[in-house]
Amino acid sequence: MSAVAAISCAVAALVCQLAQASPAQDYMLHCMGCHGTQAQGVPGKVPPLANALSRFMRTPQGRNYVLRVPGAANSALSDRQLADVLNWLAVKFDASPAASNLAPFTSEEVSRLRHTPLVSVLAARSAVVRDLAATGPAPPAQY
Amino acid sequence: MQSFDRMFEKSARSLAKRTSRRSLLASLGQLLTGAALLPLLPIDRTARAQSPAAGAKPTADEQNCAYWKFCAIDGFLCACCGGTSTSCPPGTQTSPITWIGTCHNPGDGRDYIVSYNDCCGKVSCGDCFCNRNEGEKPMYRLSRNNDVNWCMANTESNYHCSVSVILGVAGE
Amino acid sequence: MKRIVSGVMLLALVAGAAPPPAAAGPQPPPLPAEHLTVAKVGPKSPHWVYVVDYAFNNEIDTRVYLFDGDTYRRIGQIDTGFSPGVNVSPDGKTVVVATTYFARGGHGTRTDVVEFNDTATLAKTGEIVIPPKHTQTLASLFTAAYSADGRFLYTPYLTPAASFGVLDPVRKTVLSEIDTAGCTLVFPWGVNRVSSICESGRLLTVTLDAQGHEATRNTSDPFFDPDKDPVFAQGVPLADGYAYISFLGEVHEVDLTHPKPVMRAPWPLVSGQEKGTWRPGGVQIGAVHQSLGKMFVPMHRGGEGSHKTGGSEIWVFDMKSHRRTARWPVDTKAAGEVVAVQVSQDAAPLLFAATEKADLLILDAQTGRVKHDEKKLGQTPQLLLNP
């Protein structure tokens with residue numbers, strides 16, 4: 001597969017960082033097995049990322065949560081790769097215009113937060129979703 | 001297993017000679033090829049797996065453990081159980097979760113990303129057991145593990161057989 | 001009369017039997033009536049081995065055979081459902097099984113249970129219904145395991161989210177569920193600690209309070225490289241922790257006697273020349289005779305991807321010097337490759353080796369002499385317990 005040139009952007013908007021093939025492939029190899037081909041998850045078993053991840057990214061609390069869930073915190077992906085996959089997912093599986101204006105994850109932010117995995121994921125999710133719901137569209141609390 | 005490895009090496013070489021490039025590409029379906037600047041999209045093949053083309057017959061390769069696509073499969077080959085390498089047998093359900101690996105196709109020299117879904121809801125098929133483990137890792141690396149029952153999240157979680165579905169070409 | 005007698009004698013000769021001694025004499029007394037009983041298990045022997053048969057062709061019908069390593073006879077069987085975790089209580093009185101049953105045999109409502117079986121009778125004595133999250137995977141010593149005093153029983157869940165249940169095996173209740181942030185399996189230590197292996201190569205250790213709820217947790221630094229040389233998840237029990245053997249033959253011993261694990265420097269099973277060629281492989285890839293200080297590992301020649309290939313040799317190592325003290329070839333043509341090893345802990349120890357042909361080899365653990373090859377002990381025996 002030929003290497004795809006990264007598109008450089010004057011403005012560091014989320015969509016400009018996506019012009020690489022590897023986040024899609026990293027998603028395939030490291031996340032898609034459980035989160036699904038459309039990032040839809042499995043009801044009751046695996047949370048959706050579609051129309052959810054981008055909403056978590058709106059607040060520091062939500063971003064903190066995303067980087068500390070087991071699939072992210074303990075993933076084999078490097079900090080850079082994880083940032084790229086999450087940024088790619090946020091736009092790919094969310095049709096809302098707000099999604100492409102989110103501040104992208106940086107590898108610095110990832111490395112700062114991911115190494116303390118959450119102890120109780122569901123409890124943390126409920127708290128974060130409750131707070132997000134007060135300021136805009138929130139991801140589902142349950143799945 | 002030693003003799004199996006030797007047998008596999010032999011049959012992989014002969015497979016490469018016998019399989020034409022054209023037939024291989026034809027069977028790759030909707031893979032994006034060429035100069036796309038867009039990332040390869042994960043294609044939802046599981047839905048298609050539930051309703052294969054009428055009369056789809058498994059190829060002899062799909063019933064052979066040495067087939068390159070089965071490089072890390074663990075279980076019964078669905079092609080021997082009424083399905084194919086990309087379709088679950090009638091009356092079973094595809095697993096929504098799976099693990100995804102990479103296999104080398106000696107026919108065209110490429111590495112392909114393959115999805116090893118399980119077919120669920122019936123007792124063990126019991127035919128064509130195949131276990132290979134290229135790139136497979138223990139269960140703490142769940143996304144590379146073929147030991148666990150990937151039917152675990154199905155309502156009917158009994159394990160029947162395993163498929164191997166090409167998702168795309170692996171990058172360098 | 002004479003004709004009849006000679007006819008009978010001819011018939012007897014043709015049948016290969018001696019002619020009846022007294023065709024003309026009295027019949028032997030009749031056999032007494034028999035009484036139907038249930039066989040007894042008998043007194044426990046250090047040479048018993050529990051053989052877990054994963055019965056791949058009929059995976060809802062797995063079972064455990066109790067086999068006598070001296071008389072070469074099956075003592076009996078415990079049925080173990082679908083994809084079981086099996087272990088024995090510290091007092092040796094109970095075989096515990098974590099498993100799945102479907103309401104209509106192969107389908108229907110799923111019920112996961114932890115079942116208790118009395119080793120003195122091989123009868124089921126009780127169960128705990130657990131959430132339908134039992135980890136359905138290949139044979140492992142770490143999908144159902146007791147605390148050292150038998151007060152807690154741990155069983156990992158996988159949905160695919162990872163956690164583990166803490167159960168009270170006496171009162172038969174579920175005490176808690178502990179989220180492990182993706183780390184898998186349960187490696188108990190002491191009366192209230194459980195460790196779990198993480199994808200990053202770290203070890204998570206959770207300490208429980210008296211009620212079986214989480215008190216504290218810690219996560220180690222990575223102690224192996226999951227990308228370059230992953231360890232088998234099938235830890236080998238030691239006197240003070242577990243040895244995790246890697247695909248390339250590095251032994252990572254973890255001391256769990258302290259609240260935070262202490263990782264000893266890894267040592268190799270293979271020489272520089274052998275590395276990458278000779279590899280450990282199978283399902284139950286190591287066993288240690290604690291007082292002799294010897295570890296037994298099935299080894300094979302193979303490359304990447306051969307970590308489940310069974311051993312064509314059994315290598316023996318001294319746990320103090322880390323030197324290999326013996327290499328015992330396996331007659332793989334006759335018996336198959338060795339996928340599981342276990343050793344009895346007595347002074348005249350037996351080494352048990354299950355093969356991919358479903359044979360159970362019984363060796364003198366000190367000389368390597370094969371004492372017996374039990375053919376076809378089950379369908380796919382993959383785990384051996386010698387409590």
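Order of the sequence lines fixes the chain letters, A, B, ..., with proteins taken first and strands second; residue numbering starts at 1 for each chain. We use all heavy atoms of the structure for the numbers below, so side chains are in, but hydrogens, waters and symmetry mates are not.
When all heavy atoms of A/Q25 and B/V169 are compared, the pair lying nearest together is NE2-O, 3.2 Å.
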Practice problem: Check the pair B/I100 / A/M32 against side chain to side chain contact (heavy atoms under 4.5 Å, CB included), numbers first and verdict last. | Solution: CA-CA 8 Å; B/I100 293 170; A/M32 193 176 97; 3.8 Å; yes
Quiz item: For A/H30 and B/R144, what are the C-alpha separation, side-chain angles and deciding distance, and is it a side chain to side chain contact (heavy atoms under 4.5 Å, CB included)?
Solution: CA-CA 8 Å; A/H30 295 271; B/R144 287 287 178 285; 3.9 Å; yes
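With chain B as partner, the option from A/N74, A/L29, A/V46, A/V42 having the largest number of non-hydrogen pairs under 4.5 angstrom is A/L29. Contact tally against chain B (heavy-atom pairs below 4.5 Å) for A/S75, A/G44, A/C34, A/C31: the top residue is A/C34.
Contacts of A/A39 with chain B are absent, with no heavy-atom separation under 4.5 Å from either backbone or side chain. For B/T98, the parts sitting under 4.5 Å from any heavy atom of chain A are the backbone and the side chain alike.
Distance check: B/L167 CG to A/M28 CE gives 5.5 Å after rounding to the nearest 0.5 Å.
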